[in-house]
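Inspection log for the structure reproduced underneath, given as structure tokens.
All ligand and atom numbering here is 1-based and tracks the order in the structure. Reckoned from all heavy atoms, side chains included, excluding hydrogens, waters and symmetry mates.
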Amino acid sequence: MDQEELWNGIRTMSADLGFADCGCAQIVPLSGSAEEGRYLEAEQMGHFGKMDYLKRNVDKRMDPTLLLPGAKSVIVFLAPFGGKSIATEDGLKYSSYALGNDYHKVIKDKLYLIASFIGENCGQRKMSRVFTDSAPVMERAWAVRSGLGFIGKNNFLISPKAGIKNFIGIIITTAELPYPDKTVENRCGQCTRCLDACSRKALYAPFRVDASKCLSYKTIEEPLDEADKERTDNLDSKWIFGCDDCADACPWNRFNKPGWPEFSSNKKFLESCNRDFWSRITEDEFLQNFKDSPLLRAGLAKIRKNISR
Ligand code: B12
Ligand code: SF4
Ligand code: SF4
């Protein structure tokens, strides 16, 4: 297969597997780029909080050939999770990305099929690795470089075709592809809805997130022993896992594609997970009920703490 045929095959498979879009970019080291500048700025300003994994492997983050020697291309896929967050009748809110099966596995299973296709059809065997939120890869930066969209003032990769509620999946491969020469200009205009919606002021300026203040960090990533006396959700409702305020405020939601069913498979069950449920459930029951869910990452003790403060 020549490069064009290979790329057409990848695009067809991507659509057949339900991805909302895909794009590719030639690998060049990001060291010295604007993306690296913004990353190092965030680190130096202490915005990564206790997410120490962001401070490690910065060399790999800036150079995908350190993850796969000889890599030539990054292929980026958008997996729609669609939908809105949910709230229990007593006001506990769960983020829209967490209503189904763990997206890492769901997306990677599909990416492996595409990686096999690349290996089988390149003439000589090509190597590929698949990632989704699982390694030091600058996923949003590569999505932009692949021509899939622009970074909004809320930091999201926004696709003019497929909106804002999309996970990013990545294949890094030694195969070469016909790289499209397209960039999507920022289309936020004068809008500031996401900044206005962020109750924590974690979005402290357009395009700038202090992740250490973000409710997504607070409810999932922040170590349990970190006291957070300032936490003030509104009186009627409380984010228990993740936060959608800056995403839900965005007018680009109207371009969202329907989310994959796997990403909302626990919706009904979570709607019943109220304060009483969380006070009664045992550790074993939690592990059993949430073994395939993104909520497993936070753990029972953290979720209980999120409810109590
Ligand atoms: C750490 C992390 C977090 C942290 C920090 C987030 C942050 N904004 O930095 C926390 C826990 C807070 C978090 C929250 C969320 N996350 Co998160 N997170 C990540 C992770 C693992 C690394 C991100 C990172 O490196 N952050 C550091 C900052 C500095 O880098 P960045 O966000 O990638 O931003 C770069 C681009 O914007 C790039 N850039 C490229 N072109 C341009 C152009 C301009 C003009 C600008 C300004 C920037 C820019 O420059 C920046 C620095 O290089 C990625 C997966 C990955 N490996 O990339 C997922 C990821 C970013 N998260 C994701 C999701 C879904 C979320 C949540 C929506 C979950 C939720 N509902 O609670 C929230 C959204 C919060 C928000 N407003 O961003 C998705 C985003 C998908 C998308 N469409 O953008 C990702 C890509 C995971 C995935 N594979 O789908 N997350
Ligand atoms: S996810 Fe919530 S807390 Fe984090 S930046 Fe967006 S609105 Fe602010
Ligand atoms: S809410 Fe408005 S400013 Fe924020 S990302 Fe969406 S379009 Fe851009």
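Remark: ligand 1 atoms within the under-4.0 Å shell around heavy atoms of Tyr53 are 1 (C). In summary, the atoms of ligand 2 found under 4.0 Å from a heavy atom of Asp245, numbered by their order in the structure, are 7 (S). Heavy-atom contacts of Leu203 reach the following atoms of ligand 2: 5 (S) (cutoff under 4.0 Å). Of all atoms in ligand 2, numbered sequentially from 1 with element shown, those under 4.0 Å from a heavy atom of Leu215 are 3 (S), 4 (Fe).
Side-chain contact between Glu185 and Phe150: absent, with no pair of heavy atoms (C-beta onward) separated by less than 4.5 Å.
For atom 47 (C) of ligand 1, the protein comes within 4.0 Å by at least one heavy atom. Within the 4.0 angstrom cut-off, atom 16 (N) of ligand 1 has no protein heavy-atom neighbours. Protein heavy atoms come within 4.0 Å of atom 43 (C) of ligand 1. Distance screen at 4.0 Å: atom 58 (O) of ligand 1 has a protein heavy-atom neighbour inside the cut-off.
Comparing Ala247, Cys243, Ala211 by heavy-atom distance to atom 1 (S) of ligand 2, the nearest is Cys243.
Partner of Asp52 under the salt bridge (Lys or Arg N to Asp or Glu O under 4.0 Å) criterion, out of Lys55, Arg56, Lys50: Lys55 alone.
Scanning the protein for heavy atoms near atom 39 (N) of ligand 1, the closest one is Arg38 NH2, 3.5 Å.
For atom 6 (Fe) of ligand 3, the nearby protein N/O/S atoms, meaning those under 2.8 Å, are Cys250 SG.
Between Tyr179 and Trp7, a ring centre-to-centre spacing not shorter than 6.0 Å is recorded. Taking the ring centroids of Trp142 and Phe131, they lie at or beyond the 6.0 Å cut-off.
Between the CZ atom of Phe77 and the CG atom of Leu111 there is a distance of 6.0 Å, given to the nearest 0.5 Å.
An N or O contact shorter than 3.5 Å links Arg140 to ligand 1 by distance.
Within the structure, the closest approach of Cys246 to ligand 1 falls below 4.0 Å when heavy atoms are considered.
Within the 4.0 Å heavy-atom criterion, neither part of Ser216 lies near ligand 2.
Ring geometry for Phe167 versus Tyr103: interplanar angle under 30°, hence parallel rather than tilted (30 to 60°).
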